[in-house]
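A quick write-up on the structure given underneath.
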Amino acid sequence: MYSKAPPGPGRGALSNPEGRFESRRVEAIDDGWAKDPESAELPPLATTVTAEQAKKIITRNDSPDIPFEQSINPYRGCEHGCVYCSDGDTAILMGDGSSRPLSELTVGDEIYGTEKRNHYRYYVRTRVLAHWPTRKSAYRLSLANGTELVASGDHRFLTERGWKFVSQDGHEQRAHLTLNNTLMGFGAIASTAKPCDSRDYRRGYLCGVIRGDGHLGVYRYERPGCAHGDQYRFRLAMIDTDALERTGRYLGEFGVGTQRFLFQAEKPNRQRIEAIRTSARASIEAIERLIEWPDRYEGEWVQGFMAGIFDAEGSFSEGILRIANTDRKMIEAARSSLTWLGFDSVVETRKAGRPKPVHYVRVRGGLREHLRFFRSCDPSIARKRDIVGQAVRSRAKLEVVAIENLSGERDLFDITTGTGDFIANGVISHNCFARPLHSYVNLSPGLDFETKLFYKARAAELLESELSRPGYVCKPINLGASTDPYQPIERKLKVTRSILEVLQRFRHPVTIVTKSSLIERDLDILAEMAREDLVAAFVSVTTLDAALKRGLEPRAPSPLARLHAVRALREAGVPIGIFVAPVIPAVNDHEIERILEAGAKAGAETAGYVLVRLPYEVKTLFRQWLDSHMPDRAAHVMSLIGAMRGGRDNDPRFGTRMRGVGPYADLIARRFETACRRLGLLRQRGERLSSTHFRRFPEANGQLNLL
């Protein structure tokens with residue numbers, strides 16, 4: 001994958017000329033993605049498919065790691081539908097609550113996406129995995145609250161009725177936006193410039209944070225023999241060091257030096273607290289002047305004051321932003337400042353009968369106003385600006401009131417994120433899928449792999465020609481060695497089925513590895529071949545966790561659909577096995593026994609596994625995926641992989657590349673073997689297949705087809 005946007009319209013090359021020795025016909029085809037309960041939000045996409053004029057169909061190999069010598073790959077690449085693009089000026093919600101134009105995003109940027117849990121969606125952080133420009137015709141969407149978005153007709157937004165494309169654009173069956181559809185999100189945030197780090201802003205911040213959480217005083221008492229015994233003290237102790245560092249820096253810029261010290265050590269029931277202090281008389285007097293109340297609450301002082309008091313006494317949780325204090329003067333200052341900034345707020349007092357009741361200023365208006373507050377005031381504590389875990393809900397008027405087809409083409413941008421979506425102008429926007437964990441099928445993980453699908457033209461004729469040659473030696477052929485033979489486009493092209501029809505007629509043995517339930521379509525052929533020991537199939541299951549599956553393999557059939565295929569094949573008499581692949585340490589390796597048990601229960605007779613492989617660029621993609629989906633364990637996962645790969649991310653050597661080396665790899669192997677013995681699963685694959693039934697069909701007069 002590119003580390004940055006490639007030159008040209010989203011590709012490394014500026015053009016795509018035909019090869020010197022072959023011509024290619026490109027077709028726009030409905031890819032036929034199956035609709036299962038877990039992928040109901042992903043309607044069919046248009047796929048660019050290229051007919052590959054191969055000169056032969058059977059690939060030979062001599063790897064000791066693979067239990068077959070011959071294979072056929074009907075398809076090259078794996079379709080992912082990178083057609084989602086938006087205008088470069090579209091404001092994207094960043095991980096710190098700020099916004100940045102879509103055109104300025106870079107790979108690795110932390111942004112917000114969403115995650116569906118049960119019946120609700122929640123905001124989560126994710127990362128940009130890829131970013132590139134393209135040029136297309138575009139539409140302008142206008143929403144009831146004034147939000148505007150510019151995107152291609154192929155872009156999708158989340159509505160009250162699921163994901164919908166911007167327009168049909170010639171696809172009569174796909175769900176598309178209509179007037180009065182309501183988009184999901186909080187809507188565009190009013191344009192607010194980040195406050196300048198001016199003298200007034202710094203004074204306001206110091207007033208808010210010191211009056212809110214600081215200790216400032218002069219202690220006067222008499223000492224014999226001394227003119228006076230006055231003590232001057234300032235101290236600010238905080239859990240969040242970012243606010244402490246800003247306060248110390250601002251005081252230093254006003255000529256007030258402070259000392260940093262440990263106020264409270266970390267303990268099992270206490271957090272670590274650091275502090276700054278000074279006892280110099282001149283410094284205390286300077287601080288007193290800096291935090292004096294202004295005559296009027298306005299300008300950049302107000303922005304700084306609200307940032308400071310929020311860092312000191314503010315909270316933001318469960319969709320509520322509020323500031324607490326027992327001092328009525330502080331509460332009145334906060335309320336007046338919010339009014340000057342244009343926010344609607346309310347003061348609430350709990351247990352008013354107490355001597356010093358706590359008063360709260362609550363900012364109203366929902367997430368959109370809360371984010372505007374952060375952008376207007378720029379408090380320093382990142383923890384308090386976090387919207388992770390908040391449910392996607394809003395009272396904003398996001399009904400579509402106009403869809404305008406803009407004339408001509410314009411520069412648009414695509415991105416790939418870890419969650420499959422992002423927040424664009426305050427609404428949930430679909431993006432391009434990335435599947436970085438398909439390295440074990442030895443395909444490029446770049447954009448070509450995601451956007452282009454190649455199929456073997458006249459595959460059946462080529463296979464018939466090769467099998468009919470006098471010198472051909474019959475040995476089992478594997479389907480699925482490099483890429484899944486049951487790509488969604490197979491529903492219409494039927495390349496794999498045509499190959500099976502030839503193999504059936506020649507009574508040629510074949511093994512199949514797939515993760516698609518589409519294999520059930522060919523049960524009529526497979527069942528008949530099984531009666532003569534001509535076929536064995538493996539269904540690959542990576543995880544039984546539907547949520548993890550959506551992250552690892554977002555467009556693959558669900559675990560339940562794959563197990564259903566295992567059961568259907570077994571009931572039809574087809575020898576069937578379960579394939580645990582890829583096994584990823586500290587990600588899905590804890591599921592090995594569960595996957596094998598589920599496979600055995602569904603009818604699997606044999607089993608196999610492959611350790612995750614990270615060749616070439618895939619290691620970078622995998623690290624990005626870990627950083628996005630599992631940042632808490634990313635380093636641990638890569639450490640375990642390195643331990644099983646001789647200290648490297650990848651080991652290409654025959655004999656070890658599929659299983660790994662070292663104690664952890666040995667442990668996985670022992671666990672797998674133990675589970676297989678307990679469940680009665682065999683390790684052999686294809687050994688029962690027969691080559692004795694093979695028969696040739698030479699052309700008339702002993703001549704073969706001239707292809």
Side-chain angles (χ1 to χ4, degrees), residues 195-266 270-314 323-334 336-337 355-356 358-359 377-381:
C196 297
D197 192 13
S198 66
R199 186 179 181 87
D200 284 344
Y201 178 86
R202 294 195 295 269
R203 290 176 66 98
Y205 182 85
L206 292 173
C207 182
V209 72
I210 293 174
R211 287 184 180 275
D213 206 23
H215 174 79
L216 181 69
V218 180
Y219 303 91
R220 302 182 182 279
Y221 58 92
E222 298 293 333
R223 288 196 303 171
C226 298
H228 62 78
D230 297 347
Q231 294 292 312
Y232 296 84
R233 293 180 181 173
F234 163 72
R235 184 186 68 233
L236 179 66
M238 306 188 79
I239 294 173
D240 298 283
T241 58
D242 32 16
L244 200 66
E245 289 169 356
R246 180 187 285 194
T247 303
R249 185 175 73 254
Y250 282 179
L251 287 172
E253 290 170 357
F254 284 108
V256 178
T258 58
Q259 295 176 326
R260 183 87 165 258
F261 69 100
L262 178 63
F263 183 78
Q264 175 181 285
E266 184 177 5
R270 291 184 180 182
Q271 290 181 283
R272 178 185 175 89
I273 299 178
E274 295 188 34
I276 57 174
R277 65 187 173 192
T278 181
S279 299
R281 175 179 177 177
S283 295
I284 302 305
E285 292 174 347
I287 293 173
E288 289 176 337
R289 291 192 297 271
L290 287 172
I291 65 173
E292 289 178 350
W293 293 109
D295 295 332
R296 292 187 300 273
Y297 300 124
E298 62 183 14
E300 292 178 348
W301 185 94
V302 161
Q303 293 172 291
F305 175 74
M306 291 310 304
I309 194 173
F310 180 79
D311 279 346
E313 300 286 353
I323 296 163
N325 208 282
T326 58
D327 186 347
R328 267 289 183 183
K329 176 68 173 179
M330 293 286 287
I331 295 299
E332 291 171 3
S336 298
S337 296
K356 293 185 70 175
V358 179
H359 310 289
C377 304
D378 191 30
S380 66
I381 300 177

[atom1]-[atom2] distance between [X] and [Y], expressed to the nearest 0.5 angstrom:
X	Y	atom1	atom2	value
L244	F263	CG	CZ	11.5 Å
F234	I287	CZ	CD1	4.5 Å
S336	R296	OG	CZ	13.0 Å
I331	I323	CD1	CD1	7.5 Å
I239	Q264	CD1	CD	8.0 Å

Minimum heavy-atom separation for [X] to [Y], with atom names?
X	Y	value
A334	F305	N-CE2, 3.8 Å
R235	A275	CG-CB, 4.4 Å
Y201	C377	OH-O, 2.6 Å
C196	E300	CB-OE2, 3.7 Å
I273	L262	O-CD1, 3.5 Å
V256	S283	CG1-CB, 3.8 Å

* To do: Check whether NZ of the Lys or CZ of the Arg R277 lies under 6.0 Å from the centre of the six-membered ring of F261 and within 45 degrees of that ring's axis.
  =>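 Judged by the rule (NZ or CZ under 6.0 Å from the ring centre, within 45° of its axis), R277 counts as positioned above F261.
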With a 4.5 Å limit on heavy-atom distance, are the side chains of R233 and L216 in contact?
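In short, these two side chains do not touch, never coming nearer than 4.5 Å.
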Quiz item: Does any non-hydrogen side-chain atom of S337 lie less than 4.5 Å from one of Y297?
Solution: yes
Answer yes or no: does atom [atom1] of [X] have more than 12 heavy-atom neighbours from other residues, nucleotides or ligands under 6.0 Å?
X	atom1	answer
F254	CZ	yes
R260	CZ	yes
R199	CZ	no

Can you list everything that forms a salt bridge (charged side-chain N to carboxylate O under 4.0 Å, His left out) with E332? Sequence neighbours excluded, please.
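So E332 forms no salt bridge (charged side-chain N to carboxylate O under 4.0 Å, His left out) with any residue.
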With sequence neighbours left out, the residues meeting salt bridge (charged side-chain N to carboxylate O under 4.0 Å, His left out) with E253 are R202
Atom pairs and distances, side-chain donor-acceptor, residues 204-214, under 3.5 Å, sequence neighbours left out:
residue, atom, partner, partner atom, Å
Y205, OH, D311, OD2, 2.6
Y205, OH, S380, OG, 3.4
R211, NE, I291, O, 2.9
R211, NH2, I291, O, 2.9

Would you please test M238 and E274 for side chain to side chain contact (heavy atoms under 4.5 Å, CB included) and show each step? CA-CA 6 Å; M238 306 188 79; E274 295 188 34; over 6 Å; no
Quiz item: Yes or no on side chain to side chain contact (heavy atoms under 4.5 Å, CB included) for N325 and V358, after CA distance, side-chain angles and deciding distance?
Solution: CA-CA 6 Å; N325 208 282; V358 179; over 6 Å; no
Query raised in the report: Can you list the steps and then say if R203 with W301 is a side chain to side chain contact (heavy atoms under 4.5 Å, CB included)?
Result: CA-CA 7 Å; R203 290 176 66 98; W301 185 94; 4.2 Å; yes
Review point. Is it true that R246 and D378 make a salt bridge, defined as a side-chain N closer than 4.0 Å to a carboxylate O?
Key: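 Counted as a salt bridge, because a side-chain N and a carboxylate O are separated by less than 4.0 Å.
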**Message:** One pair to check against side chain to side chain contact (heavy atoms under 4.5 Å, CB included): I309 and M330. What are the steps and the verdict?
**Reply:** CA-CA 9 Å; I309 194 173; M330 293 286 287; 3.5 Å; yes
